[in-house]
Amino acid sequence: MKKIDFRSDTVTLPTPEMLARMIQAKLGDDVYGDDVTVNELQDLSASIMGKEAGLFVPTGTMGNLLAIMSHTKPGQEAILEETSHIYLYEVGGMARIAGVQAKPIKGVNGELKIEDIENAIRKENIHFPETGLICIENTHNMAGGMAISLDNMNEIYTLAQKNNIPVHLDGARIFNAAEYLNVDVKKIAKYADSVMFCFSKGLAAPVGSMLVGTKEFIDKAKKHRKMLGGGMRQVGILAAAGIYALKEMVSRLKIDHANAILLAEKLNEIDGISIDIEEIHSNIVNVDFSNTPYTTSQLVPKFNKKGLLVGPRDERVIRFVTHKDITKEDVIQATNIIKEIINKG
Ligand code: TLP
């Protein structure tokens with residue numbers, strides 16, 4: 001039985017061409033700065049994002065943590081959306097390792113309202129910590145992959161600059177945002193001082209993320225990366241996959257987006273399911289099953305038995321993520337399986 005894996009776009013396998021590039025990569029010890037393939041990927045990433053420098057990191061989680069450590073001082077506070085990945089899913093690293101307290105704010109479809117940020121920025125007061133950073137996320141994972149608008153990012157960045165507060169963008173899926181917003185990725189990155197993005201999500205590389213920003217910021221982040229044990233050696237073997245991902249995999253993201261819309265349209269044919277297609281901006285579809293006869297913990301094992309792997313958010317909602325290893329036919333087959341289970345049990 002073929003498995004159709006909607007759990008995440010992190011589950012993709014490298015293409016044969018990507019693997020071939022990895023095997024052929026020129027290598028060196030990256031802690032000495034000798035790995036030409038890593039250097040090429042860092043330069044390419046910085047230039048694509050319109051920033052001065054880049055730093056290859058093993059994971060998005062480490063990239064975000066390095067950004068927080070490099071922008072702030074321990075004891076400061078970072079403003080972020082209350083369902084952001086940094087706040088919910090990064091094991092509290094910002095508090096434990098960076099020593100930074102979170103100031104979570106409720107967003108609307110992942111967007112932070114400007115007046116809420118204004119209210120959250122700390123004034124000078126002997127009792128208060130300083131606001132050291134604002135973090136945003138685009139596309140926003142928990143908001144079902146919705147893209148944050150450029151207007152919202154612009155407003156936030158302008159306010160942040162006025163208050164001398166740096167902005168970090170968790171752009172794990174920034175290329176999905178660029179595809180939806182129909183802009184060059186630089187147009188998104190320009191509203192943040194630093195950007196983290198992932199090769200290992202929609203772009204299908206097996207490992208790796210990138211942090212970009214000013215040269216001074218990246219030098220700091222590099223030292224922090226060493227401290228966290230992220231100074232890797234002949235890591236060009238992985239960077240080669242990143243170069244391939246940037247050059248060859250970005251343009252196919254529109255297929256994943258079309259498959260996500262197809263999935264939502266087909267699921268809307270099922271009694272009790274109602275997905276607003278306008279809210280499907282990228283490759284994530286959050287499906288609310290609460291008006292069907294089943295909870296998600298009843299549904300997930302039934303789906304699994306039929307080869308359909310999914311990630312439940314809670315008892316009502318299951319997240320479906322489309323990616324390069326899911327075809328249009330897989331989407332149709334998956335929705336047929338779901339229909340049958342909901343209708344017949
Ligand atoms: N997200 C993963 C899980 O951790 C939930 C997923 O399957 O979506 N920022 C965002 C917006 C992310 O979605 C993720 C991963 C990360 C950062 C962290 O990246 P990694 O997994 O490379 O540490």
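Please read all numbers here as calculations on a predicted model, not as lab measurements. First listed ligand is number 1; within each ligand, the first listed atom is number 1.
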Residues D9 and R173 bridged, charged N to O under 4.0 Å:
yes
Taking the six-membered ring for Trp, are Y89 and Y87 closer than 6.0 Å centroid to centroid?
no
Step by step, would you call E17 with T15 a side-chain hydrogen bond (donor to acceptor under 3.5 Å, both in side chains)?
CA-CA 5 Å; E17 299 79 15; T15 64; 3.2 Å; yes
Heavy-atom contacts under 4.0 Å to ligand 1, chain-then-number order, include exactly S8, T59, G60, T61, N64, H85, E90, E137, N141, D170, A172, R173, M196, K201, R319
Flag side-chain contact, heavy atom, 4.5 Å: L133 against P166:
yes
So, applying side chain to side chain donor-acceptor pair (under 3.5 Å) with D170, which one of N64, T61, T139, N138 is it?
N64
Summary of ring pair (Phe, Tyr, Trp, His ring centres under 6.0 Å) pairs that have at least one residue in residues 237-259, sequence neighbours excluded:
none
